[in-house]
Amino acid sequence: MPLVDVEAALEELGLDKDDFMEFVGDLKEFVSETLPQLDSAQVSDNKIQIRELAHSIKGAVANLRFLKAAEVAQEIERIGAGVKTGDVAPLIQELKSILESSYAELGL
Amino acid sequence: MQLILFNIERNSFCAHLGADLTGKCVVKELNKLEEGIRILLTEGDARYVIDPDGRESEIIEYLQSLETEGLFERIYIYAEELSIDRFGSVSKLQHIYQKGADPGIHDELKAIIEPTKNAIQTEKMRVLAIDDVVIIRNIIRTIFDKSSSLSHLEVITAGSVAEAKSVLANKEGIELVILDWMMPKISGIDFLRYLRSDNRYKSVKVIMCTSVGERAKVKEAIGIGVDGYIVKPIVRADLVKKVVELLPMPVAG
């Protein structure tokens with residue numbers, strides 16, 4: 001199963017490939033700004049900020065059909081919301097890794 | 001951009017073009033020229049509209065000033081009765097059509113009118129899309145840009161409720177809000193409550209567009225007065241369908 005469902009993104013969002021890749025470029029920029037904030041929130045154990053940042057990342061990746069990254073971001077959001085207990089640090093590392101793999105899958 | 005100056009009679013030439021272009025007056029349209037309106041309409045007999053108040057000179061001055069600004073590439077005039085020779089100073093005046101002179105003129109003018117007809121007949125309704133994630137705002141904007149059934153709508157975006165309040169206070173014609181639920185500081189559901197409690201915005205339609213999909217939350221939003229509910233990830237067809245339901249394209253003519 002691919003990490004990014006490009007076909008669904010193009011069909012369901014009504015985008016052409018160029019549009020999609022432009023959005024992916026925007027996503028990379030957005031994530032590169034947001035992940036360090038998520039790291040800081042994790043270090044300071046700021047659950048509200050963890051939840052909000054994870055929610056934003058989840059929204060961005062899920063709408064571009066980055067399926068696996070969306071799952072992990074959602075898990076971080078749940079922990080941030082206090083629904084589940086646990087340490088988000090490994091999940092943040094996993095999210096970073098999945099995002100890199102996703103970009104690679106798209107040839108970036 | 002082209003300027004078309006018409007002198008038309010109700011239900012004759014308009015009907016032939018399949019467009020209701022009446023109900024405009026020269027002064028009103030002259031006032032709008034600077035805002036980018038491309039078609040200048042006069043109504044009734046040209047002499048009546050232009051001569052008694054000296055508006056012919058006024059129009060010539062306008063055309064000359066527009067030439068100076070380089071706003072229009074070509075200027076067309078359609079007129080039944082007009083002292084044509086007085087427009088000789090307007091160098092970009094390419095054609096002067098007179099009613100009945102050539103049946104082919106109607107088709108040619110129709111082709112010129114078509115792209116701009118809606119622009120002058122209706123002010124674009126505005127949609128305000130509020131989401132704290134810029135990529136989602138841009139996805140929504142792209143969906144609107146690419147959907148011909150939404151071409152009557154202009155999208156404005158805001159990244160927070162505070163920004164949205166400012167937009168609402170300063171922009172007229174916002175008929176629909178597309179609203180994320182979970183946003184930092186003030187949530188979408190709180191903004192929905194605000195909209196429904198303020199008489200200025202009670203008639204504004206609201207579509208929640210959110211990843212929050214629990215039945216209890218949907219019911220809560222419905223109870224407050226939401227008009228539509230879309231669960232993310234966004235699917236273009238669902239969004240377009242819901243928007244068109246709430247803000248259908250006006251029927252031309």
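Each chain gets a letter, A, B and so on, in the order its sequence line appears, and its residues count up from 1.
If you tally non-hydrogen atom pairs under 4.5 Å between each of Leu239(B), Thr210(B), Asp180(B), Thr142(B) and chain A, the highest count goes to Thr142(B). Comparing Ile57(A), Thr34(A), Asp19(A) by heavy-atom pairs within less than 4.5 Å of chain B, the highest count is held by Asp19(A).
Atoms CG and CG, on Asn63(A) and Asn138(B) in that order, are 12.0 Å from each other to the nearest 0.5 Å. The CD atom of Glu52(A) sits 8.0 Å away from atom CE of Met182(B), with the distance rounded to the nearest 0.5 Å.
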Query raised in the report: Going through the checks in order, is the side chain to side chain contact (heavy atoms under 4.5 Å, CB included) test met by Leu64(A) and Ile139(B)?
Result: CA-CA 9 Å; Leu64(A) 290 176; Ile139(B) 287 173; 4.0 Å; yes
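Residues Ala62(A) and Pro233(B) come closest through the heavy atom pair O-CB, 3.7 Å. Considering all non-hydrogen atoms of both residues, Arg236(B) and Gly14(A) come closest at CD-CA, 3.7 Å. Residues Phe23(A) and Ile135(B) come closest through the heavy atom pair CE2-O, 4.2 Å. For the residue pair Ile234(B) and Arg65(A), the shortest heavy atom distance occurs at O-NH2, 2.7 Å.
Contact annotation for Glu22(A): neither backbone nor side-chain heavy atoms come within less than 4.5 Å of a heavy atom of chain B. For Asp132(B), the part sitting under 4.5 Å from any heavy atom of chain A is the side chain, from C-beta outward, and nothing else. Only the side chain of Ile143(B) comes within contact range of chain A, judged by heavy atoms closer than 4.5 Å. Of the two parts of Ile136(B), only the side chain, counted from C-beta on, holds a non-hydrogen atom closer than 4.5 Å to a non-hydrogen atom of chain A.
Enclosure of atom CD in Glu245(B) by more than 12 non-hydrogen atoms of other residues, nucleotides or ligands within 6.0 angstrom is indicated. By the neighbour-count criterion of 12 heavy atoms within 6.0 Å, atom NZ of Lys217(B) is sparsely surrounded, having that number or fewer from other residues, nucleotides or ligands. When the shell of 6.0 Å around CD1 of Ile186(B) is examined, it contains more than 12 heavy atoms from other residues, nucleotides or ligands. Counting non-hydrogen atoms of other residues, nucleotides and ligands closer than 6.0 Å to NZ of Lys205(B) gives a total of 12 or fewer.
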